[in-house]
Amino acid sequence: MTAAAGERARPRWLLRGVGVAAGFIAGLFGVGGGIFIAPGLMLLGGYGQRVAHGTSLAASALFAAAGLVAYALQQAVDVVAASLIFAGSGLGVLAGVDLLHRVRLRSLQVAFVVLLAVTAGRMLAGETGGVGAMALTVGAAFGLVGCGVLVGLVAGLMGVGGGVIVVPALVLLFDVGDVTAKGTSLLVVLPTAVVGTLRNLRNENVDLRGAAVVGAMGMLAAFGGGMLAGAIPSGLSSALFAGLLVMIALRMIRDALRASGDPQARPEGSEAPGSGRLA
């Protein structure tokens, strides 16, 4: 094998590792895993930011499908709540994908970091969550649809499935048990990611081959993470999820500081020349 070939092979193997790690996190916490996939695609695969976000969203659909099976086996999915959230997220993700070409991504990151920090603090403060599915009222139904719109916007703009919003929203606002919240979240992430990916294909902001490589390697890990989630005590689960949100927020702050302090950095949202697809 030539040196050049070895250099091409290295990112592919590393991306497979990213897929396994992100898949496990996706299943364990009921999220899409995209918040880890997108940086991996940019740092290890040479992807531009927009294609990385689109490819990440496509891989999130595979993780969600695998993790959802694990939660369904534990009867920890609220289909009605998920349907109402998706009624909003299906519209929100289309708007988010279209805004991806126009919005200042750095401004979006700042707002997202604030949201993550506030949510993490709330999950660490006192009792959170009920014991299972929610009691559905008219007000709750409208609240779930509104939550879905926000989830879809974040999914389309940031390349994440939206679970980092769905899970704490169900736990904190609708008194849903954390395991059921995670399973329900994955049922929302799956169709949301599919809708966003179809729109990204039209905008040429997704690499399906790269998504398949990352997603296929993480699907078994996502199933395992989903099965493990049912065995974790509720208090520990909330603390771990809060820690996940803090870690995500810190990484985004670090990336923003690096970008602002690098005079050679590319303009915000620009793509790396000559790359953006898995070789």
Side-chain angles (χ1 to χ4, degrees), residues 5-68 70 105 109 112 116 154-155 157-164 182 185-186 189-190 192-194 196-197 200 205-229 240-241 243-256 258-259 271-272 275-279:
E7 286 301 309
R8 286 195 297 270
R10 180 174 175 267
R12 187 174 299 182
W13 281 108
L14 289 174
L15 286 175
R16 288 170 179 163
V18 168
V20 172
F24 180 75
I25 294 296
L28 182 63
F29 293 112
V31 300
I35 200 70
F36 298 101
I37 302 170
L41 291 173
M42 288 187 284
L43 295 175
L44 303 176
Y47 282 64
Q49 188 172 30
R50 301 186 192 283
V51 175
H53 285 182
T55 304
S56 168
L57 190 61
S60 294
L62 298 177
F63 294 159
L68 183 59
L105 295 179
Q109 288 174 339
F112 195 45
L116 292 176
V154 171
L157 284 166
M158 302 299 294
V160 301
V164 291
K182 293 172 183 177
S185 169
L186 289 178
V189 168
L190 177 57
T192 301
V194 170
T197 298
N200 276 324
N205 275 339
V206 60
D207 175 14
L208 288 181
R209 182 181 178 187
V213 169
V214 175
M217 296 305 296
M219 290 182 73
L220 183 59
F223 178 83
M227 296 301 296
L228 179 62
L240 290 174
F241 196 93
L244 172 68
L245 299 182
V246 170
M247 182 174 66
I248 294 169
L250 291 175
R251 184 190 66 78
M252 294 182 73
I253 292 171
R254 181 202 64 186
D255 292 348
R258 282 183 176 179
E271 303 290 350
S275 76
R277 296 290 189 275
L278 186 64

Trainee: Which heavy atom of Ala222 sits nearest to which heavy atom of Ala66, and what is that distance?
Mentor: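 Closest approach of Ala222 to Ala66: CB-CB, 4.1 Å.
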Trainee: Identify the two heavy atoms, one from Phe241 and one from Phe29, that lie closest to each other, and give their separation to 0.1 Å.
Mentor: CE1-O, 3.4 Å
Trainee: Measure across Leu68 and Leu186 and return the closest heavy-atom pair with its distance rounded to 0.1 Å.
Mentor: N-CD1, 3.7 Å
Trainee: State which residues pass side chain to side chain contact (heavy atoms under 4.5 Å, CB included) with Leu41; sequence neighbours excluded, sorted by chain then number.
Mentor: Leu15, Ile37, Tyr47, Ala52, Thr55, Val214
Trainee: Supply the atom-to-atom distance Leu240 CG to Met247 CE, rounded to the nearest 0.5 angstrom.
Mentor: 10.5 Å
Trainee: Output yes when a side-chain donor or acceptor of Ser185 lies under 3.5 Å from a complementary backbone atom of Gly30, and no otherwise.
Mentor: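 Judged by distance alone, yes, a pair lies under 3.5 Å.
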Trainee: Between atom CG of Leu250 and atom CG of Leu245, what is the distance when rounded to the nearest 0.5 Å?
Mentor: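 That separation rounds to 11.0 Å.
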Trainee: Which heavy atom of Val194 sits nearest a heavy atom of Ala61, and at what distance?
Mentor: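 Minimum heavy-atom separation between Val194 and Ala61: CG2-CB, 4.2 Å.
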Trainee: Would you call Phe63 and Ile25 a side-chain contact if the rule is heavy atoms closer than 4.5 Å?
Mentor: no
Trainee: Between Ser60 and Val189, what is the shortest heavy-atom contact and its length?
Mentor: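 The pair with the smallest heavy-atom distance is O-CG1, 4.2 Å.
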Trainee: Is it true that, when you exclude Leu220 itself, more than 12 heavy atoms of the residues, nucleotides or ligands shown sit nearer than 6.0 Å to its CG?
Mentor: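 No - once you tally the heavy atoms of other residues, nucleotides and ligands closer than 6.0 Å, there are 12 at most.
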Trainee: Considering non-hydrogen atoms only, spot the tightest contact between Phe223 and Ala70 and give its length.
Mentor: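 Distance-wise, the nearest heavy atoms are O-CB, 3.4 Å.
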Trainee: To the nearest 0.5 Å, what is the distance between CG (Asn205) and OG1 (Thr197)?
Mentor: 11.0 Å
